[in-house]
Amino acid sequence: MQETPAIDVRGVSLTYVGPPPVAALTGASLQVERGQFASLVGPSGCGKSTLLRVLAGLARPDEGWADLQGQDAVGVTALAAYMPQRDLLLPWRRALGNAVLGAELAGVPRADAEVQARGLMARFGLEGFERAWPGQLSGGMRQRLALLRTFLAPREVLLLDEPFGALDALTRREMQEWLQEVWRQDGRTVLLVTHDIDEAITLSDTVFVMSGRPGRIVRRVDVDLPRPRAALDSTSVRFSELKAEVLEALTAVR
Amino acid sequence: MTHAGRALRGRAGEALPALAFLLTVLVVWEVTVRALDVAPYLVPAPSRVWDAFLETRGVLPGHIRTTMTEALAGLFIACASGVGIAGLLAASVPSRRALYPLLVISQNIPMVVLAPLLAVWFGFGIMPKVLIVALIGFFPIVVSTTDGLLRADRDLVELARSLGAGRWQVLRTILIPSAVPAFFAGLQISAAYAVLGAVIGEWVGASSGLGLFIARSQRAFRVDQVFVAVIVIAAVSIALFAAVHLLARLAMPWQHAGRERTERGV
């Protein structure tokens, strides 16, 4: 018997009611196996974020269905840990308080969540900043804190919407390497939305390419590069081939 | 030199022009009154006001205590009722439509009309003054807090929901903390008018308080004492305002934490 995929989206269509009505998704389908790292790339405004919001239970599709670990996820929140584009830290909570928000809302006792968070602060490069306010943290640290909050939510599936979108190129590369390490030790299923093809290939087992609006999945590219992947791997021949494949899929559908 | 030390010296430097101006006004006032020999029951010289202060300082603390008690009790009622009504208004559109016009009307009853009525109904004790302060004070708190609740970042609410928060958890973790700065903005306005409200109530009829002190002084043509009362009222108002400001700082430590961004790491 085949294992239930961690993420299973079939024929999802969604039109935002206007005026004017905007068709965001049309028949989007994708499957991600348990413990896999998958990315979703596509032109801006193609509905990548909408698809993530559907999986997070925040947007309701007009057609199709979305399952998380075999459970119907349509209109159901809290089945996955969702990290929106903005870091959305609560300004009135210190770093540690923000880190435990997801766990706290999931019903984990605050004290237990704090113990767990303290143990992870170092791995997320936040050691010594437990009592800092979000306003005192740099952009990279805020993003890592938002990621820590997402990781601490006791969910098997993580939905990350352009977590590094607002960071400069250098910081971004550091964060990608770091995220790869964190994920390798963590082993949960990740669906990452990005518009950066290099980022998608570097991090993922599978890259899904979306068409322009209304979005659907037009290509699935399996990344067979060995892990761990270093920054230099992006200059390898195989990497270039994969990148060409993604780019070709992107240009073909515009 | 520490940050705090520099900040303090900066503050003192900022206050210097104001102090110099105040001193000049006082000197000109004193000289003019003496030179033109103005009657003290019309305009007393600053030195005479000072004498009146020394003369009345024995009775002032009692009046100040009464006025302060009324202002604080009134503000407390204003906060409790204001936050409650704000919650109600923010919760539903129909309640906003039903209550907002009434709230605006309540603010348009002239205090000079209401104060004597309250004195007739509740007597010369502190009760009618407390009610006046509460009536003046609850409106800014309602408007401001309602606004704060309604303006909470929708994305934060959605994030909390996506993490599994129910209605009450959203209220507790997102909406209420979001509204705290707005609540204090409203409370500061209320605090600025609180002492004035209490004084108006006392002026109409009271057994103690700064308003009563003013009324008695006026009847005795002691304009110098009226000046003393005005200065004391200003000082008490400023103290109350500063106390609320301090309270706001304590309640919102994140707003005053050092803005310097950390250089460590990315």
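Below, read A as the first sequence line, B as the second, and so on, with proteins coming before strands; counting in each chain starts at 1.
For CZ of Phe76(B), the number of neighbouring non-hydrogen atoms (other residues, nucleotides, ligands) closer than 6.0 Å is 12 at most. More than 12 non-hydrogen atoms from other residues, nucleotides or ligands lie less than 6.0 angstrom from CZ of Arg94(A). Environment of CZ in Phe124(A): crowded, with over 12 heavy atoms of neighbouring residues, nucleotides or ligands closer than 6.0 Å.
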Working for side chain to side chain contact (heavy atoms under 4.5 Å, CB included), residues Leu159(B) and Arg86(A)
CA-CA 10 Å; Leu159(B) 173 79; Arg86(A) 291 171 57 200; over 6 Å; no
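Once rounded to the nearest 0.5 Å, the distance linking CH2 of Trp254(B) with CG of Leu90(A) reads 10.0 Å. Note: Ser162(B) OG to Leu79(A) CG = 11.0 Å, rounded to the nearest 0.5 Å. In this structure, OG1 in Thr173(B) is found 8.0 Å from CH2 in Trp92(A), a value given to the nearest 0.5 Å. Atoms CD and OH, on Glu158(B) and Tyr82(A) in that order, are 6.5 Å from each other to the nearest 0.5 Å.
If you measure heavy-atom distances from Ala80(A) to chain B, the contacts under 4.5 Å come from the backbone alone. Both the backbone and the side chain of Pro253(B) come within less than 4.5 Å of a heavy atom of chain A. Interface residue Leu156(B): backbone and side-chain heavy atoms are both found under 4.5 Å from chain A.
Among Asp155(B), Asp153(B), Leu163(B), the residue making the largest number of heavy-atom pairs under 4.5 Å with chain A is Leu163(B). In terms of non-hydrogen atom pairs under 4.5 Å with chain B, the most contact-rich of Pro84(A), Pro91(A), Ala56(A) is Pro91(A).
Residues of residues 185-195 of chain A placed with any heavy atom under 4.5 Å of a heavy atom in chain B are absent; none qualify. Contact annotation for residues 101-110 of chain A against chain B (heavy-atom separation below 4.5 Å, listed by residue number): Leu101(A), Gly102(A), Glu104(A), Leu105(A), Ala106(A).
Side-chain atoms of Thr77(A) do not come within 3.5 Å of backbone N or O of Gly164(B) as any donor-acceptor pair.
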